[in-house]
Amino acid sequence: MTDSAPSSGKSPRVRFAPSPTGFLHVGSARTFIFNWLYARHNGGTLVLRLDDTDVERNTDASVQSIFEGLRWLGLSWDEEYKQSERLALHRRQAEAIFAKGLAYRDFTPAHADPGEQSSSQGAWLFNPGMRELTREDSDRRATSGEPFALRYRVPRGEDRVLRFVDAVYGEQSKLADEVEDFALLRSDGNPTYHLASCADDADLRITHIIRGQDHLTNTFKHLLIFEGLSTPPPQFAHLPLLVAPDGAKLSKRRHGPVVSVTTYRDAGFLPQAFINFLCLLGWSPKDDREFMSLDEIREAFTLENVNRSNAVVNFTEEDPFDPKAVWLNAEHIRALSVEELSRQLAPFFAQAGFEATPEKILAVTPLIRERIKLLGEAPAAADFFFLPQLAPYDPAELIPSKGGDAAMALRVLQYAQEVLATTNFDHDSLDQALRAAAAHLGLKAGQAFQPIRVAVCGRKNAPPLFETMTVLGRELCLARIRQAMESLQTRE
RNA sequence: GUCCCCGUCGUCUAGCCCGGCCUAGGACACCGCCCUUUCACGGCGAUAACACGGGUUCAAAUCCCGUCGGGGACGCCA
């Protein structure tokens, strides 16, 4: 147990509470990961709670997409709730707060113009005339059916200071006079986020609320609600925000699919790499480790090591992924066994429309393992293994770069054809035969290999020649060399 | 506007709490060199930061104050 909490001694209970209003975005994913890490590091319980009190904006598709994203990450949770199924509790708690005189009815019509003079001077604090309504007037208007929102009666003029100690940001305090009379219940009777969230956190016995820093100032309101609920508040830990290169908070609206978890998945990020990247944004093990396994991260994770400043996710128009994320992914790819990597690669080959058997993929995997940073790059990196017919050759590429000409290329291919007809197609035999061929032609190995490589792979940059040819097989290699020769000849 | 938070290389960060070991460390990216049949991997190297101004102190990235800059919250959204 690293963090001393009010509930220290008991096993911690944390929650991840996304609101289903779109795809799972990377900021939410990170919050989820931090909650998971905290729970698993401390032998606690992770609760998943769908904060779906906004009927207007919630969609089933969003719920699906959130679960899809979470499942992809592969981090398990222990309990699951839906706020919309707990409305009775929320209303009961709102009434209890009202009964204590800590809240009042606000009959101001919904969506009333908030304008006024408030903009010129500080923040809005409450609608005039409502806070002071007598209980009798309030009851009369309520029973007559006039709609109202329920607002918290925030202490005024008492110099009351709201305080809490944030596990990340330290001591926090704010004058109650600066907190507005926030809503608990909407005029349709539904709870607001603040009420539902706190009522549920209390009811679910949440001990630590780990969430984005955008909630830091909301916490003062939550303190008031917990007080109204007569429940000691949980411990809070706010996470620095993930921001775009322009410094603004990452948002679905402004930044689009580049902030969606599925974008990373579809491009071929490994979940462990994605997790590794995300937890390095705002947290560090305080040593020089960066490439870490989930287990290593879990063991090292503490709230004390969380930073306080926002972290930039470095994406651009041209490249949606942070270079460091890509690098980490490449590292994780190389850490996989060939068998495991080939399994991960299979769906990407299938999606590219290649007829790729597991055996073929297994043979190809070691040849592209060091050459891809994202799983999604595999089909392009290995296309010539699967394509029955290569795209037309670029004769210029067939010609050795260092002072060669078409005739030389032709001679190489011609001779290679003869040699290859009888050579065993294993690495050592090919190595020996082709090097000898180069020597025979009076060429350097590099010069002689280029025409062959281009003939066989269709391009200059490819995996090592001998291994590649071994996988391709004699028949295909010879056929392609013949085609390459034809393309050189027809050019002349 | 009011309140809250933040400010070390382009980016992620170590160091800050407990001043000296910091002529500020690591990583990614970029550039160069090496390895090499191409590409990639790997190795080596280079460029690059304590926002600014005042204090306190023998000594400040580290403590204090101010300024500036950035972000967040101020909804019957979450």
Side-chain angles (χ1 to χ4, degrees), chain A residues 17-21 51-54 56-58 106 108-112 114 118-125 147-151 166 169-170 172-175 177-180 182-194 196-197 212-221 238 240-241 243 245-249 277 280-291 307-314 322-328 330 334 367-373 381 397 401 431 434-435 438 444-450 452-454 457 459-466:
Chain A
S19 57
T21 58
D51 279 8
D52 56 350
T53 51
D54 185 358
E56 305 273 298
R57 304 199 308 157
N58 295 161
D106 182 349
T108 310
H111 310 296
S118 59
S119 55
S120 64
Q121 191 132 313
W124 174 90
L125 286 179
F148 61 85
L150 193 69
R151 288 187 185 283
D166 189 274
Y169 286 90
Q172 302 295 315
S173 64
K174 186 170 183 167
L175 236 32
D177 290 285
E178 268 146 6
V179 177
E180 75 277 9
F182 54 94
L184 260 17
L185 248 30
R186 302 181 235 258
S187 47
D188 63 4
N190 283 318
T192 62
Y193 157 75
H194 298 300
S197 176
Q213 191 243 38
D214 47 348
H215 285 295
L216 194 61
T217 41
N218 283 335
T219 306
F220 297 105
K221 295 170 199 164
H238 288 88
L241 263 21
V243 299
D246 67 1
K249 176 167 82 155
F277 169 66
L280 256 19
L281 258 24
W283 174 85
S284 115
K286 306 299 178 192
D287 51 36
D288 286 342
R289 285 180 296 169
E290 296 205 295
F291 169 72
N307 297 144
R308 278 169 286 275
S309 49
N310 293 169
V312 175
V313 179
N314 224 343
D322 191 304
K324 195 142 196 176
V326 174
W327 170 74
L328 276 169
R334 287 178 222 131
L367 297 182
I368 58 170
R369 205 229 284 250
E370 316 262 280
R371 271 161 267 268
I372 57 171
K373 291 181 177 343
E397 292 212 319
S401 330
D431 189 333
L434 259 15
R435 281 188 199 281
K444 286 190 171 176
Q447 274 183 308
F449 293 175
Q450 182 179 338
I452 303 174
R453 177 180 298 105
V454 173
C457 300
R459 60 177 123 92
K460 274 197 293 194
N461 300 342
L465 228 207
F466 314 135

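Letters A, B, ... are given to chains in the order of the sequence lines, protein chains preceding strands, and every chain is numbered from 1. Predicted, not measured: the structure shown is a model, and the values here were computed from it.
A/Pro464 comes within 4.0 angstrom of a base, heavy atoms only. Among the heavy atoms of the strands lying under 4.0 Å from A/Asn218 is at least one base atom, whether or not backbone atoms are also near. Within the nucleic acid shown, A/Arg435 comes within 4.0 Å of at least one base atom, counting heavy atoms only. Note on A/Phe466: a base of the nucleic acid sits closer than 4.0 angstrom, heavy atoms only. Residue contacts shown for A/Lys249 are limited to sugar-phosphate atoms, with no base heavy atom under 4.0 Å away. Contacts of A/Gly212 with the nucleic acid, taken as non-hydrogen atoms under 4.0 Å apart, are absent. Base engagement by A/Ala462 is indicated by at least one non-hydrogen atom pair under 4.0 Å involving a base atom. Using a 4.0 Å heavy-atom distance criterion, A/His238 is classed as making no nucleic acid contact. Within 4.0 Å of A/Thr21, counting heavy atoms only, lies no atom of the nucleic acid at all. Among the protein residues, A/Pro463 comes within range of the nucleic acid bases, having at least one heavy atom under 4.0 Å from a base atom. Note on A/Leu281: only backbone sugar-phosphate atoms sit closer than 4.0 angstrom, heavy atoms only; bases stay farther off.
Out of B/U13, B/U11, B/A78, the shortest distance to the side chain of A/Ala311 is found at B/U13. For A/Pro323, counting side-chain heavy atoms from C-beta on, the closest listed nucleotide (B/C76, B/G72, B/A29) is B/A29. Candidate nucleotides B/U13, B/C76, B/C74 were compared by shortest atom distance to the side chain of A/Glu180, and B/C74 ranks first. In the set B/U11, B/A78, B/G42, B/G42 carries the atom at the smallest distance from any side-chain atom of A/Arg334. Taking only side-chain atoms of A/Arg57, from C-beta outward, the nucleotide of B/C39, B/A78, B/U2 with the closest atom is B/A78. Among B/U2, B/C41, B/A29, the nucleotide with an atom closest to any side-chain atom of A/Ala123 is B/U2.
Position along RNA chain B of the nearest nucleotide to A/Arg371 versus A/Pro147 favours A/Arg371 as the more 5'-ward residue. In terms of position along RNA chain B, the nucleotide closest to A/Lys221 lies nearer the 5' end than the nucleotide closest to the other residue of the pair A/Lys221 and A/Asp51.
For the pair A/Asp51 and A/Ala17, the tightest heavy-atom approach, listed with the atom from each and the gap, is OD2-CB, 3.4 Å. In plain terms, the two heavy atoms of A/Asp214 and A/Leu241 that are nearest each other are N-CD1, 3.6 Å.
Nucleotides B/G20 and B/G70, compared at atom C1', are 32 Å apart to the nearest Å. For the C1' atoms, the distance linking B/A51 with B/A61 amounts to 12 Å, nearest Å. Taking atom C1' in both B/C31 and B/A46, one finds a spacing of 8 Å when rounded to whole Å. Taking atom P on both B/C34 and B/G72, the two are 48 Å apart, rounded to the nearest angstrom. Taking atom P in both B/C50 and B/U11, the straight-line distance is 12 Å, to the nearest Å. Separation of the C1' atoms belonging to B/U36 and B/C41 is 11 Å when rounded to the nearest angstrom. Across B/C76 and B/G54, the matching C1' atoms stand 49 Å from one another, rounded to whole Å. Comparing the C1' positions of B/A49 and B/A24 gives an interatomic distance of 9 Å, to the nearest angstrom.
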Q: Sugar-phosphate atoms are those with a prime plus P, OP1 and OP2; base atoms are the rest. Using that split, label each nucleotide of nucleotides 14-27 of chain B B, S or - for protein heavy atoms under 4.0 Å, 5' to 3'.
A: SS----------BB

Q | Summary of protein contacts for nucleotides 4-10 of chain B, nucleotide by nucleotide, where a base hit scores B, a sugar-phosphate-only hit scores S (4.0 Å, heavy atoms) | A | SSSS---

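Note: CG (A/Leu367) to P (B/U38) measures 16 Å, nearest angstrom. One can place NZ of A/Lys373 at 12 Å from C1' of B/C39, the figure rounded to the nearest angstrom. For A/Asp246 and B/G69, the CG to P distance is 18 Å, given to the nearest whole Å. Taking atom CG on A/Leu184 and atom C1' on B/G75, their separation rounds to 14 Å, with Å as the unit. B/U36 atom C1' lies 13 Å from atom CG of A/Leu465, rounded to whole Å. Across the protein-nucleic acid pair, A/His215 atom NE2 and B/C3 atom C1' stand 17 Å apart, rounded to whole Å. What separates CD of A/Glu397 from C1' of B/C39 is a distance of 12 Å, to the nearest Å. For the pair A/Phe182 CZ and B/U2 P, the computed distance is 23 Å after rounding to whole Å.
The neighbour count for A/Lys444 NZ, taken as heavy atoms of other residues, nucleotides or ligands under 6.0 Å away, does not exceed 12.
Side-chain contact between A/Arg151 and A/Leu184 is absent, with no heavy atoms from C-beta onward closer than 4.5 Å. Annotation: side chain of A/Ile452 is in contact with side chain of A/Leu434 (closest heavy-atom distance under 4.5 Å). Residues A/Leu328 and A/Phe277 are in side-chain contact: their nearest non-hydrogen atoms beyond the backbone lie under 4.5 Å apart.
The nucleotide B/C41 finds no pairing partner, because no Watson-Crick or G-U wobble arrangement with both distances shorter than 3.5 Å includes it. In this structure, B/C16 forms no base pair with any nucleotide, since neither Watson-Crick nor G-U wobble geometry is met with both distances under 3.5 Å. Partner assigned to B/U57 is none, using Watson-Crick or G-U wobble distances below 3.5 angstrom. Checking B/C52 for Watson-Crick or G-U wobble geometry (two distances, each under 3.5 Å) identifies B/G66 as its partner. With both pairing distances under 3.5 Å, B/A24 is matched to nothing as a Watson-Crick or G-U wobble pair. Summarising the base pairing, B/C74 is matched to B/G1 through a Watson-Crick or G-U wobble pair whose two defining distances lie under 3.5 Å.
Residues that satisfy the side-chain hydrogen bond (donor to acceptor under 3.5 Å, both in side chains) test with A/Thr217, not counting sequence neighbours, are absent from this structure. By the side-chain hydrogen bond (donor to acceptor under 3.5 Å, both in side chains) test, A/Lys324 is found to be paired with A/Glu290, residues two or more places apart in sequence or in another chain being considered. Partners of A/Asn307 according to the side-chain hydrogen bond (donor to acceptor under 3.5 Å, both in side chains) rule, which considers only residues two or more places apart in sequence or in another chain, do not exist here. With sequence neighbours excluded, no residue satisfies side-chain hydrogen bond (donor to acceptor under 3.5 Å, both in side chains) with A/Lys373.
Aromatic ring centroids of A/His215 and A/Phe220 lie 6.0 Å or more apart. A ring-centre distance under 6.0 Å is found for A/Phe449 and A/Phe466.
Contact check on A/Lys221 versus A/Glu180 returns a salt bridge, with a Lys/Arg side-chain nitrogen under 4.0 Å from an Asp/Glu carboxylate oxygen.
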Q: Mind running side chain to side chain contact (heavy atoms under 4.5 Å, CB included) on A/His238 and A/Thr219 for me, showing each step along the way?
A: CA-CA 10 Å; A/His238 288 88; A/Thr219 306; 3.0 Å; yes

